[in-house]
Amino acid sequence: MNYNEFSNGTKIIDSKNSIDELSTILVGLNASRILLIGNTRLNDLGYIDKIRKSIEKQNRLQVGAVYLGNDLTDGEDILKDLYFVYMSNNCDCITVCGSGKLIDYAKALKLMIAAQIKDIKKFFSSAMTAREIIYTPFVAIPCEFGSGSETNSTAVIFDKEKSVSRNVADGLLSPDYCLVDGDLIFDMDEKRRAYGVLEIFARAVDGLTVTDAMNAPTDAFSKRYGDYIELHTSAICEGFCQVALTGLKSRAADMLENPTVEKVQKMEIKSAYLSKGTDSSGLGLIQCLAQAIADVKKIEYHTALPKSIKTVFKYNADACKATYARCLLFFAGWQVYSECDTEQRHKSFVNTATEFIDALEEKYFVEDKFELTDEDKQAVINAMAYNVNVLNNPRKFNAAVLKTLL
């Protein structure tokens with residue numbers, strides 16, 4: 001029997017009533033006073049109260065404070081507020097329910113508390129590694145699918161001084177638990193669900209190409225390297241291809257057009273596992289480019305995803321050449337379902353994926369169209385220069401080439 005296992009410290013709970021298990025989980029983490037972070041939409045839906053009641057089923061647990069954040073808020077101000085609320089209410093645990101951005105700020109708060117470092121800017125440098133001084137239990141509950149923030153060790157924090165988003169990567173950022181609630185995620189509108197499909201797609205492609213887009217290993221390491229690639233791609237393929245590749249025009253489209261709680265929950269579970277599988281790469285080139293475009297154009301990150309995916313496809317074909325083709329061929333099922341010759345499969349994959357993205361844009365995002373001027377393109381490249389995940393990327397990153405493709 002083949003058995004593969006990988007972990008980055010986050011345990012995913014996907015039971016039918018996962019929120020009911022929250023109090024048991026928090027007791028197991030030795031928590032007592034919880035800072036509950038959410039947003040006004042979830043509060044209006046009664047979901048924050050549902051989480052509070054679940055926590056307080058245990059006599060030894062108490063909600064020390066509730067913080068309702070704004071997903072549109074950026075910068076260090078929200079972190080200062082969170083830090084003040086956490087410390088002034090003598091909390092010893094963080095539970096966050098929200099979008100990827102709100103979860104990112106909760107993760108940054110956890111890092112600051114655990115490492116006893118108040119200035120998040122110190123972690124903008126890739127050379128900064130935190131040491132845990134105070135154990136801080138942390139549970140994440142996503143209210144949207146696709147972001148993967150609820151299971152990885154990377155957080156995107158806006159740098160007001162530079163007006164760019166920074167990626168902070170550290171093992172202490174990973175939540176202890178991720179609880180997936182299909183009823184909550186199902187409440188998204190159809191555009192958000194479509195964006196979730198693209199996010200999962202981008203993470204899968206980036207995960208493969210970042211891992212294998214490097215020089216071939218020496219003979220001494222070839223077997224170990226090959227085993228790692230097989231394990232890594234197995235996790236990615238299991239998490240993604242069943243959702244949006246082998247059934248690119250059927251399963252993903254069916255989930256968007258005929259959503260159910262069960263379909264949406266399965267999508268998020270696969271997204272969460274996929275995020276764990278690609279965690280060693282942090283955010284890939286697609287995500288970094290989309291974030292830079294969003295910062296420059298002052299639009300939502302998700303709105304920039306379609307253009308980012310198509311641009312990176314073109315860039316990788318040149319930067320990675322034959323290696324890129326080999327990476328795309330790793331997608332399980334694509335080799336089976338494709339009628340093309342081996343040499344043409346990766347081109348067919350890119351074409352089919354691009355057609356799918358175009359179809360989503362036309363149906364769901366037509367009003368979100370935007371154009372990049374020459375000044376915008378240069379600003380995007382400059383913004384990416386602050387991103388350590390791009391600078392440390394195993395690809396040969398060529399800013400001039402990427403700018404022309406934008």
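Note: hydrogens, waters and symmetry copies are ignored here, and every other heavy atom, side chains too, is used.
- Sorted by first and then second residue, the side chain to side chain donor-acceptor pair (under 3.5 Å) pairs involving residues 186-197 (not counting sequence neighbours) are R41-D187, K191-E367, K191-D368, R192-E300, R192-H302, Y195-T303, Y195-D368.
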Go through the steps to decide whether F145 and I200 satisfy the test side chain to side chain contact (heavy atoms under 4.5 Å, CB included), and finish with yes or no.
CA-CA 9 Å; F145 75 81; I200 296 171; 3.8 Å; yes
Could you give me the CA-CA distance, side-chain angles and deciding distance for F138 and L173, then say whether side chain to side chain contact (heavy atoms under 4.5 Å, CB included) is met?
CA-CA 9 Å; F138 182 33; L173 288 167; over 6 Å; no
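- Proximity of a side-chain donor or acceptor of T354 to a complementary backbone N or O of V350 within less than 3.5 Å is detected.
- Taking CD1 of I157 as the start and CG of D159 as the end, the distance is 10.5 Å to the nearest 0.5 Å.
- Put simply, the side chain of N39 reaches to within 4.5 Å of the side chain of L42, judged on heavy atoms.
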Pair D295, F158 - check side chain to side chain contact (heavy atoms under 4.5 Å, CB included), show working.
CA-CA 9 Å; D295 289 337; F158 190 73; 3.8 Å; yes
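- When V296, T311, L402 are each tested for a side-chain contact (heavy atoms from CB on, under 4.5 Å) with V380, only one passes: V296.
- In this structure, a donor-acceptor pair under 3.5 Å is absent between the side chains of N351 and E355.
- Put simply, the side chain of K160 never gets that close to the backbone of D77: no donor and acceptor are under 3.5 Å apart.
- T151 places a side-chain N or O within 3.5 Å of a backbone atom of A272 that can act as its donor or acceptor partner.
- Residues passing the salt bridge (Lys or Arg N to Asp or Glu O under 4.0 Å) test with K297, sequence neighbours excluded: D376.
- Of the possible polar contacts, one joining the K107 side chain to the N152 backbone as a donor-acceptor pair under 3.5 Å is found.
- Within 6.0 Å of atom CG in N59, 12 or fewer heavy atoms from other residues, nucleotides or ligands are found, so the atom counts as exposed in its surroundings.
- With hydrogens and angles ignored, the 3.5 Å screen pairs a side-chain donor or acceptor of S18 with a backbone N or O of V180.
- Under a 3.5 Å cut-off, the side chain of S308 and the backbone N or O of I286 do form a donor-acceptor pair.
- Atoms SG and CD1, on C143 and I185 in that order, are 8.0 Å from each other to the nearest 0.5 Å.
- To the nearest 0.5 Å, atom OG1 of residue T40 and atom CG of residue L45 are 9.5 Å apart.
- No donor-acceptor distance shorter than 3.5 angstrom exists from the side chain of S149 to the backbone of I103, with no hydrogens or angles considered.
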Can I get a per-line list of side-chain donor-acceptor pairs under 3.5 Å for residues 82-92, giving both atom names and the distance, sequence neighbours left out?
| unit_1 | atom_1 | unit_2 | atom_2 | d |
| --- | --- | --- | --- | --- |
| Y86 | OH | C91 | O | 3.3 |
| Y86 | OH | C93 | N | 3.4 |
| S88 | OG | F84 | O | 2.7 |
| S88 | OG | V85 | O | 3.4 |
| N89 | ND2 | V85 | O | 2.8 |
| D92 | OD1 | S32 | N | 3.1 |
| D92 | OD1 | R33 | N | 3.0 |
| D92 | OD2 | S32 | N | 3.3 |
| D92 | OD2 | S32 | OG | 2.4 |

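- Every residue two or more places apart in sequence or in another chain was checked for a ring-ring contact (aromatic ring centres under 6.0 Å, His included) with F186, and none qualifies.
- L289 is listed as a side-chain neighbour of L406, based on a closest heavy-atom distance under 4.5 Å.
- Inter-residue side-chain proximity for V139 and I34 is flagged as unmet; no heavy-atom pair is nearer than 4.5 Å.
- Taking 4.0 Å as the cut-off between side-chain N and carboxylate O, K50 and D181 count as a salt-bridged pair.
- Taking 4.5 Å as the limit, some side-chain heavy atom of N258 sits within range of a side-chain heavy atom of K263.
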Give the C-alpha distance, both sets of side-chain angles, the deciding distance and a yes or no for side chain to side chain contact (heavy atoms under 4.5 Å, CB included) between N167 and Q291.
CA-CA 10 Å; N167 291 345; Q291 191 64 62; 5.7 Å; no
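- Here the side chains of V168 and F124 are in contact, with some heavy-atom distance below 4.5 Å.
- The shortest side-chain heavy-atom distance between V197 and M267 falls under the 4.5 Å cut-off.
- Within a 6.0 Å radius of NZ in K11, no more than 12 heavy atoms belonging to other residues, nucleotides or ligands are found.
- Under the salt bridge (Lys or Arg N to Asp or Glu O under 4.0 Å) criterion, E257 pairs with K363, sequence neighbours left out.
- The shortest non-hydrogen separation linking D176 to P137 is OD2-CA, 3.4 Å.
- Counting heavy atoms of neighbouring residues, nucleotides and ligands inside a 6.0 Å radius, atom CZ of R60 exceeds 12 of them.
- Distance check: I269 CD1 to I13 CD1 gives 10.5 Å after rounding to the nearest 0.5 Å.
- Looking at heavy atoms from C-beta onward, N43 lies out of side-chain contact with V66 at the 4.5 angstrom threshold.
- Qualifying salt bridge (Lys or Arg N to Asp or Glu O under 4.0 Å) partners for K118, counting only residues two or more places apart in sequence or in other chains: none.
- Taking CG of N17 as the start and CG of L22 as the end, the distance is 13.0 Å to the nearest 0.5 Å.
- Using modelled atom types, no side-chain atom of K101 and backbone atom of V156 make a donor-acceptor pair closer than 3.5 Å.
- For K57 (side chain) and D20 (main-chain N/O), a donor-acceptor pair under 3.5 Å exists by modelled atom type.
- Within a 6.0 Å radius of NZ in K314, other residues, nucleotides and ligands contribute 12 heavy atoms or fewer.
- Closest approach of P142 to L184, counting heavy atoms only: O-CD2, 3.6 Å.
- Atom NZ of K110 sits about 14.0 Å away from atom CG of L35, to the nearest 0.5 Å.
- The closest donor-acceptor contact from the side chain of Y315 to the backbone of N398 lies under 3.5 Å.
- Here the side chains of F201 and I357 are in contact, with some heavy-atom distance below 4.5 Å.
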